[in-house]
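For the numbers below, each heavy atom of this structure counts, side chains included, while hydrogens, waters and symmetry mates do not. Quick caveat, the model's predicted, so the values are computed rather than measured. The residues of the chain are indexed from 1 along the displayed sequence. As the structure lists them, so they are numbered: ligands from 1, and atoms in each ligand from 1.
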Amino acid sequence: MVKILLLLSMPKVNYYQDNLFNMHRSDRYGVEQMSAKNNLSVSQGSRYRHIAEQIKQAIDAGTLPAESRLPSVRTLATQYNISLTTALKTLRTLEDEHYAVAKPKSGFFVAPSQPVSPHFPSRVSQPKVIAPLDEQTELHLAMVGADCRVRLDLANGARSLYPIKKMGLLMRQLSYSKPFLLGNTVKGTGYAPLKVEIARRAVEYGCTINPEDILITNGCIEAISLSLRATVKQGDVVAVESPCYFVLLQMLHNLNLRVIEVEAGSEGYINIEKLTALFQSKVVKAFVTLANINNPLGKSIPNEDKAYIARQADEHDVIIIEDDIFGDTVFGERRPFPMRAFSPNAILCSGFSKTVAPGIRIGWVHSTNFMRKIASLKYTSTMGTAVLPQAAIAELLRNGGYDAHLRKLRRELASQIRQIRQAVLRHFPPGTRVSDPQGGYVLWVEMPRQALNVRTLFIQARNAGIGIAPGHIFATDHRYDHCFRLNAGFGWNDDVEQAIKMLAQWCKQSLP
Ligand SMILES: Cc1ncc(COP(=O)(O)O)c(C=O)c1O
């Protein structure tokens, strides 16, 4: 045990200053009763949290196995040079977070692997370190997006869907009329007129945003990455929706974060009870969500649930980071509200690769609380974002061309999704389920469990020039090995119909 303790380093990091739990508990563990007046100093207060986090990591890694004895209060106090109060608080934090159980007169033990509280999700929902990619997954990820004949793998569309010519024209005109857009050094948080337009549009979906609290990024992916880097630190636990957009899972892995995947219910969006129980258990530091038009399920969380999640997050100090990139692609007239509409603390990320042009690489992030940190991280990673495309988008948003374009884009996507969905229902064997998206580009297909090895299907399809996104890259485990995602963005034609028939045929052959 002492060896393990020595392995745990102790930098003084100020994570929390809150008083997580009541100090009036009775002395069950051979330590004198602590007084509530015995307030912790800030450094002691953050210290117990840091030590608890390290012990949690040792438990998660299996270094401290289930039901093994944890260090006593006295050992912790001596080894870490902390007071008995702080040592006890460390152990009680672990107990409150269901990592430890206390046994009267014996001390603290690592919790058994079964759930210890009806309010705490089972071991399946315990934080996970995302394993490095196995070779096959790496191959699949590399191949998603690589050239192929029938493009059913991406989450964007044919060039004809986007105002490419208009954007080209705008950029040419702007580079003549405003040469400083190319000639000046890129400084600051983005092109001010674009930020004004983004803030103006945000009012329509329930968000009052100060343009100064917006920073323009290289795509929505950079916006999410900066938000995570500004708010969480290595080893923290992040909750995500499951199935989860695979780039996001890889990002969490690369940032050395731990993840809890909360599965969607039958309605196609996250199980709210499980999610908020996690918030209450104080396990998660952040929740990264695609609350609108989730990728891959295509559903939005209803407003009343968003409001509830936002309230719970605020109450339990969970940071919401929202990827709203598909919000503008909703089918129908009413654009869904983001989580930010329900809490000023939610960080909102979005961009124009799904609406204006996949190659434009302009995204943005808005945060009321973390903008300075985000701006500093941006400055020291990519310094700024190219201004000319920002100016062209600002122009598109300002003169109304964007709205007319969106109406057309949404209509076309809805029709393409419908055609591919019907083809799947027509050709695939009974027992196949296919999502019914409210917007976006993609469909999620689920075969009967055990009936499909999607890794094999992926390779078969690739060999025939058909790209699909295999289910297993949307989770850290095997739970979606019988699923895959199809992109409808490249429209309906004979090649697509033929590809769906071939996929269906391979799936039928794999049925027992
Ligand atoms: C959910 C989601 N977020 C972000 C992105 C990427 O956004 P960007 O190209 O603006 O970086 C994608 C691309 O497919 C996506 O599906």
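Taking a 4.0 Å cut-off on heavy atoms, F352 fails to register as neighbouring ligand 1. The closest approach between a heavy atom of E222 and any atom of ligand 1 is not below 4.0 Å.
Geometrically, ligand 1 and C220 share a nitrogen or oxygen pair separated by less than 3.5 Å.
Electrostatic pairing of E263 and K274 does not count as a salt bridge here, judged by no charged N lying under 4.0 Å from a carboxylate O. For D403 and R201, the salt-bridge test passes: some basic side-chain N is under 4.0 Å from an acidic carboxylate O. A salt bridge links R479 with E261: at least one charged nitrogen is closer than 4.0 Å to a carboxylate oxygen.
Looking from atom 9 (O) of ligand 1 to the surrounding protein, the closest heavy atom is R361 NH1, 2.6 Å. For atom 5 (C) of ligand 1, the nearest non-hydrogen atom of the protein is Y245 OH, 3.5 Å. In terms of protein heavy-atom proximity, atom 10 (O) of ligand 1 is nearest to S353 OG, 2.5 Å. Looking from atom 16 (O) of ligand 1 to the surrounding protein, the closest heavy atom is N295 ND2, 2.8 Å. Here the heavy atom of the protein found nearest to atom 7 (O) of ligand 1 is I325 CD1, 3.4 Å.
The aromatic rings of Y480 and W444 lie perpendicular to each other, with more than 60° between the two planes, well past the 30° mark. Classified by interplanar angle (parallel below 30°, tilted 30° to 60°, perpendicular above 60°), the ring pair H472/H140 is perpendicular. Ring geometry for Y162 against H405 counts as tilted: the plane angle lies between 30° and 60°, on a 0 to 90° scale.
Looking at T355, I221, N156, it is I221 that brings a heavy atom closest to atom 6 (C) of ligand 1. For atom 3 (N) of ligand 1, the choice among D323, L290, T217 with the nearest heavy atom turns out to be D323.
Listed by number with element, the atoms of ligand 1 under 4.0 Å from a non-hydrogen atom of K354 are 12 (C), 13 (C), 14 (O).
The residue from T185, L174, V186 that alone fulfils the side chain to side chain contact (heavy atoms under 4.5 Å, CB included) condition with V387 is V186.
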